[in-house]
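Working notes, structure below.
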Amino acid sequence: MDSPVLESRKQQSITGTIMTDLEFVVPDFSTVRYPVNVVADMLNVSVPSIKKYEKDMGLEVERQSTGVQSRRYSLENIFDIAAHRRTSGLIKPLNRPITLTVHVKKGGVAKTTLAVNLAIQLSLAGYKTLLVDNDPQGDATSMLSFDPDLSVAELEEMGHPASRAVELHFGHLFKFGGAFSGHDLKDVIKKPFGENGLHLIPADESLDDLNVALTNANNSDFRFGLLIEQSRKGKLKNCDLSGYDFIIFDCPPSSTVAARNALVACDYIVTPVRMDRLSVKGLSRLTQSLSVFEEDYNRAPTPIVVPTMFQKNRPRTQRNLAMLMQHFNTRVTDVRLHHSEDYPKAMDEGYPVSIWKGASPAIRNEFRDLATEIIQRIIADVGER
Ligand SMILES: Nc1ncnc2c1ncn2[C@@H]1O[C@H](COP(=O)(O)OP(=O)(O)O)[C@@H](O)[C@H]1O
Ligand SMILES: [Mg+2]
């Protein structure tokens with residue numbers, strides 16, 4: 001998934017050259033500002049509501065220094081408003097916390113894009129969301145401005161904050177033999193948009209060590225599920241996950257032990273499907289593996305199938321969609337994610353597309369509407385408090 005800019009940076013860092021931001025655009029999420037109409041769109045509320053929340057919260061929003069001095073909201077402001085809607089009772093918590101695993105045994109089909117943007121949208125909708133990067137490639141980690149490839153020393157040498165480095169991953173929450181000693185959750189978590197934005201457990205290639213440790217452990221496929229269950233009940237001193245409404249795992253395309261763990265641990269398998277023949281055909285394999293899964297593990301996570309890279313008015317797209325509906329029927333979301341150049345452009349600027357200022361509102365809002373639909377589906381299954 002590396003963009004050309006990223007590649008050029010990696011090659012140069014091997015030669016020890018000090019990088020500049022021209023070679024690799026590193027976004028600083030704390031500096032971007034949004035006008036009030038975009039904020040209203042992102043939070044799916046009216047402009048007067050935003051102003052009311054701001055007043056209720058006593059929130060100080062920066063003003064443009066010239067001209068009409070209109071308000072300019074930071075991402076932190078926006079996520080704080082989302083959290084305020086929840087604390088003031090406008091958003092009800094779900095009846096029980098939910099784990100989603102984004103999975104399909106295929107690369108380049110928008111899994112990571114979906115996992116990251118869905119996590120962002122769930123937190124904008126007021127739900128406390130933890131995204132776990134479960135892929136040693138660390139693409140979700142990179143998409144959220146952290147660096148799975150460089151050490152603290154290398155980042156500092158390049159003039160970037162050390163906090164962008166990845167030192168701990170999901171495996172470090174476990175206590176396994178000698179390798180993992182049960183780190184504190186607070187040391188493992190990153191908060192790219194402040195306290196009220198999504199929380200991220202990053203990954204880098206050392207996540208492979210977790211696969212080795214899991215393979216050698218008892219009940220090797222059940223470890224994630226056990227950790228989540230115990231930590232939600234407050235039984236683990238180092239790791240309290242009880243505050244999260246949603247935990248989302250972004251998985252690699254291959255079936256690693258860690259990926260299997262995320263499947264066993266989840267309530268819903270979220271599967272993006274491109275509207276081409278091979279991707280749609282590949283889904284009959286998913287149906288089969290779900291039934292084998294049920295036999296092996298005695299549980300059946302619910303699939304949520306999301307059509308992606310959708311191109312309207314193409315007969316081929318319509319045919320493939322019809323085939324998808326045949327297989328998965330009501331499990332296919334009504335919201336489709338359309339194919340758009342906004343995705344690679346957002347990535348070049350280092351932003352997830354659904355919060356990229358340059359994105360067309362239609363593309364940005366697709367993820368918001370998808371999150372709304374997924375929340376509705378889950379509420380229909382489990383209810384809310
Ligand atoms: N709807 C879309 N339209 C155009 N490009 C997309 C779309 N969704 C994702 N992409 C691009 O596809 C590539 C693969 O996406 P990614 O999420 O990394 O896939 P995966 O995690 O399945 O390997 C990325 O370059 C991403 O920007
Ligand atoms: Mg990926």
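When a ligand or atom number is given, it counts from 1 through the structure's own listing order.
- With distances taken over non-hydrogen atoms, the option nearest atom 3 (N) of ligand 1 out of Cys251, Ala140, Ser340 is Ser340.
- Each of Asp208, Asn261, Asn211 was evaluated against Thr256; a single residue qualifies, Asn211, per the side chain to side chain contact (heavy atoms under 4.5 Å, CB included) test.
- Classification of Glu62 and Arg33 as a salt-bridged pair holds, one side-chain N sitting under 4.0 Å from a carboxylate O.
- Distance check for Thr113 against the Mg ion (ligand 2): none of its N/O/S atoms falls below 2.8 Å.
- Here's the thing with Leu337: none of its N/O atoms is less than 3.5 angstrom from an N/O atom of ligand 1.
- Between Val109 and ligand 1, a contact under 3.5 Å exists for at least one N or O pair.
- The shortest distance between side-chain heavy atoms of Val116 and Leu131 falls below 4.5 Å.
- Here is the list of ligand 1 atoms found below 4.0 Å of a heavy atom in Met347: 24 (C), 25 (O), 27 (O).
- In this structure, of Gly108, Pro252, Gly107, the residue bringing a heavy atom nearest to atom 14 (C) of ligand 1 is Gly108.
- Ring geometry for Phe180 versus His169: interplanar angle over 60°, hence perpendicular rather than tilted (30 to 60°).
- Residue contacts with ligand 1 leave out Asp139, since none of its heavy atoms falls under 4.0 Å from the ligand.
- Heavy-atom separations between His338 and ligand 1 include at least one value shorter than 4.0 Å.
- Near Ala110, meaning under 4.0 Å from one of its heavy atoms, ligand 1 places the atoms 8 (N), 9 (C), 15 (O), 16 (P), 17 (O), 19 (O), 20 (P), 22 (O).
- Between Tyr244 and His199, the ring planes lie perpendicular to each other; the angle is over 60°, past the 30° to 60° tilted range.
- Short contacts between ligand 1 and Thr113, defined as distances under 4.0 Å to a heavy atom of the residue, involve ligand atoms 9 (C), 15 (O), 16 (P), 17 (O), 26 (C).
- Asp133 places a side-chain N or O within 3.5 Å of a backbone atom of Asp135 that can act as its donor or acceptor partner.
- Considering only non-hydrogen atoms, atom 11 (C) of ligand 1 lies nearest to Met309 out of Gln137, His339, Gln311, Met309.
- The cationic atom of Arg336 (NZ for Lys, CZ for Arg) lies less than 6.0 Å from the six-membered ring centre of Phe310 and within 45° of the ring axis.
- The environment of CD in Glu205 is sparse: at most 12 heavy-atom neighbours from other residues, nucleotides or ligands sit within 6.0 Å.
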